[in-house]
Amino acid sequence: MTAMTATQTPPASLHDPVIGWFEQHARDLPWRRPEAGAWGVMVSEFMLQQTPVSRVLPVYEQWLARWPRPADLAAEPPGEAVRAWGRLGYPRRALRLHGAAQAITERHGGDVPSEHGQLLALPGIGEYTAAAVASFAYGQRHAVLDTNVRRVFARAATGIQYPPNATTAAERKLARALLPEEDERAARWAAATMELGALVCTAKNEDCTQCPIAGQCAWRLAGKPAHQGPPRRGQTYAGTDRQVRGRLLAVLREAVAPVPQSALDEVWDEPVQRARALDGLVADGLVEPLAGGQYRLPLS
DNA sequence: GAGGCGTGGCT
DNA sequence: TAGCCAAGCCT
């Protein structure tokens, strides 16, 4: 509500400059090419959840070459997905992508579903990814609210430097209000606003001189007031279970045969935390314990 | 709704 | 240097 009143210009006046800028400056990314198909779009969205484009690119190419259709991935053990995931981080995404491929193969005849609700029902697909796949792969009209778009809207429309930590109802309402009426144009708008946030309206060191809507940006027009609210939740890493899990899984990814407990013991010297991390990996289905104290990536 | 969950580049 | 940040999801 307050967000809407902050825009002194009608929403439609933003569409042309942003989409026009996108047509001039969009990166040529493989998942944006027609040949990527819905599966390529979906794979890219999984990989891009919290991981930068530059690190996704090589893994994406290898993944699609090896598993060109969902059924190809579904036919392999989940551990192979975890291994191919490499060092992209958050390896549970690999497991969920494998699970999604299985569900697509079993429930959708091997084709990535186009309905938002069916996408949302797949493992690893939340509100953002469901909207992104439906929009980018199928040209549908959805509010696609990722961290880039939320930041662009926070600045341009609401006049604040950063959006709230969690997506709010007000943000969804604003995003829907800004959406172009026509399907294909809405999909272009979604991709364009995301790209603008990724390349120009970045979290730090934004470059307003390159922004096609700088003249209408509420935040800029207000003098770029600094972020108020609660600090954005930081991520600690050193010394956490996450770091231990990462080291344990790295050993198992590289191994071609089951690994003895002793090999895992070498990656972390604190036994209680080490055991907790390993238990967590097993509980998550990322590691399969075998008889005799051996471990491997899951075969099922 | 807060917290857990990887990894590496950049400032 | 030590955070900060990167197309979130799940519990």
Side-chain angles (χ1 to χ4, degrees), chain A residues 22 26-27 29-32 36 40-60 82 85-97 99-100 119-137 142-153 161-169 175 187 190-199 201-206 227 230-253 267 273 276-277 279-281 283-287:
Chain A
F22 183 62
R27 291 167 292 180
L29 301 172
W31 44 86
R32 287 180 177 161
V41 171
M42 182 175 144
V43 169
S44 78
E45 292 301 336
F46 269 76
M47 292 183 173
L48 289 163
Q49 291 169 0
Q50 303 281 277
T51 302
V53 167
S54 60
R55 287 173 46 211
V56 164
L57 283 170
V59 182
Y60 171 87
V82 174
W85 197 255
R87 305 187 70 80
L88 286 183
Y90 292 142
R92 290 192 292 197
R93 291 181 294 165
L95 228 43
R96 291 169 183 156
L97 180 52
L119 288 163
L120 198 56
L122 297 172
I125 295 193
E127 187 173 324
Y128 160 75
T129 303
V133 172
S135 181
F136 302 151
H142 293 281
V144 180
L145 272 181
D146 81 320
T147 187
N148 290 307
V149 176
R150 294 181 63 217
R151 186 174 54 249
V152 169
F153 288 174
Q161 186 177 21
Y162 296 119
N165 279 329
T167 305
T168 64
T193 48
M194 193 173 307
E195 191 79 335
L196 186 62
L199 299 183
C201 193
T202 47
K204 292 192 160 186
N205 303 318
E206 70 281 352
H227 178 68
R232 315 169 77 202
R233 185 159 48 93
Q235 321 165 6
T236 56
Y237 183 62
T240 62
D241 286 6
R242 283 156 82 175
Q243 184 177 23
V244 186
R245 286 166 59 106
R247 289 191 183 182
L248 292 170
L249 210 54
V251 171
L252 293 166
R253 274 199 312 264
V267 306
Q273 188 179 25
R276 183 173 65 232
D279 286 349
L281 288 170
D284 287 347
L286 284 163
V287 171

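Worth knowing before you read on, the calculation uses all heavy atoms, side chains too, and leaves out hydrogens, waters and symmetry mates. Residue numbering restarts at 1 for every chain, and letters A, B, ... go by the order of the sequence lines. Here the structure is a predicted model, which is why all the values come from computation and not from measurement.
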**Q** Could you check whether any side-chain N or O of T129(A) sits under 3.5 Å from a backbone N or O of G126(A), counting only pairs where one atom can act as donor and the other as acceptor?
**A** no

**Q** Determine the Euclidean distance between corresponding P atoms of dA7(C) and dG3(B); express it in Å to zero decimal places.
**A** 23 Å

**Q** Any chance you could encode DNA chain C as dot-bracket? Rule is Watson-Crick or G-U wobble with both distances under 3.5 Å; [ ] for pairs crossing earlier ones, | for another strand.
**A** .|||||.||||

**Q** Contact between R253(A) and W85(A) at the side-chain level, heavy atoms closer than 4.5 Å - yes or no?
**A** no

**Q** Checking R93(A) side chain against M47(A) main chain: does a donor-acceptor pair fall under 3.5 Å?
**A** yes

**Q** May I ask you to test the E127(A)-L145(A) pair for a side-chain heavy-atom distance under 4.5 Å?
**A** no

**Q** Kindly write out the residues that satisfy salt bridge (charged side-chain N to carboxylate O under 4.0 Å, His left out) with E195(A), not counting sequence neighbours, or none if the list is empty.
**A** R27(A), R32(A)

**Q** Between side-chain atoms of residues 52-60 of chain A and protein atoms elsewhere (two or more places apart, or another chain), which donor-acceptor pairs fall under 3.5 Å?
**A**
unit_1 : atom_1 : unit_2 : atom_2 : d
R55(A) : NH2    : R87(A) : O      : 2.9
R55(A) : NH2    : L88(A) : O      : 3.4

**Q** Which atom pairs, one a donor and one an acceptor, fall under 3.5 Å between side chains of residues 241-252 of chain A and the rest of the protein, sequence neighbours left out?
**A**
unit_1  : atom_1 : unit_2  : atom_2 : d
D241(A) : OD1    : Q273(A) : NE2    : 3.0
D241(A) : OD1    : R276(A) : NH2    : 2.9
D241(A) : OD2    : R276(A) : NE     : 2.7
R242(A) : NH2    : Y90(A)  : OH     : 2.9
Q243(A) : OE1    : G239(A) : N      : 2.7
R245(A) : NH1    : D284(A) : OD2    : 3.1
R245(A) : NH2    : D284(A) : OD2    : 2.8
R247(A) : NH1    : V267(A) : O      : 3.0

**Q** Syn or anti for dA6(C), with syn set at within 90° of 0?
**A** anti

**Q** Using a heavy-atom cut-off of under 4.0 Å over every strand shown, decide if R151(A) touches base, sugar-phosphate, or nothing.
**A** sugar-phosphate

**Q** Between R27(A) and L120(A), just flag the one whose closest nucleotide in DNA chain C comes earlier from the 5' side.
**A** R27(A)

**Q** If we only count heavy atoms from C-beta on, is the Y128(A) to R150(A) side-chain gap below 4.5 Å?
**A** no

**Q** Would you classify W31(A) as touching base, sugar-phosphate or nothing, given that sugar-phosphate means primed atoms plus P, OP1 and OP2, and contacts are heavy atoms under 4.0 Å?
**A** base

**Q** Touch check for V53(A), heavy atoms < 4.0 angstrom, all strands: base, sugar-phosphate only, or nothing?
**A** base

**Q** Reckon A132(A) touches a base, only the sugar-phosphate, or nothing at all at heavy-atom distances under 4.0 Å?
**A** nothing

**Q** For a 4.0 angstrom threshold against heavy atoms of chain A, report the outermost contacting nucleotides of DNA chain C in 5' to 3' order.
**A** dC4(C) to dC10(C)

**Q** For every nucleotide of nucleotides 4-11 of chain B, 5' to 3': is a protein heavy atom under 4.0 Å from its base (B), only from its sugar-phosphate (S), or from neither (-)?
**A** BBBBS---

**Q** Return the 5'-most residue of the pair Y162(A), I125(A) with respect to DNA chain C, ranking by each residue's nearest nucleotide.
**A** Y162(A)

**Q** How far does CZ of R92(A) sit from CG of L281(A), to the nearest 0.5 angstrom?
**A** 9.5 Å

**Q** Got T193(A) and F22(A) here, is their nearest side-chain heavy-atom distance under 4.5 Å?
**A** no

**Q** For residues G99(A) and P123(A), report the shortest heavy-atom separation together with the two atoms involved.
**A** C-CG, 3.6 Å

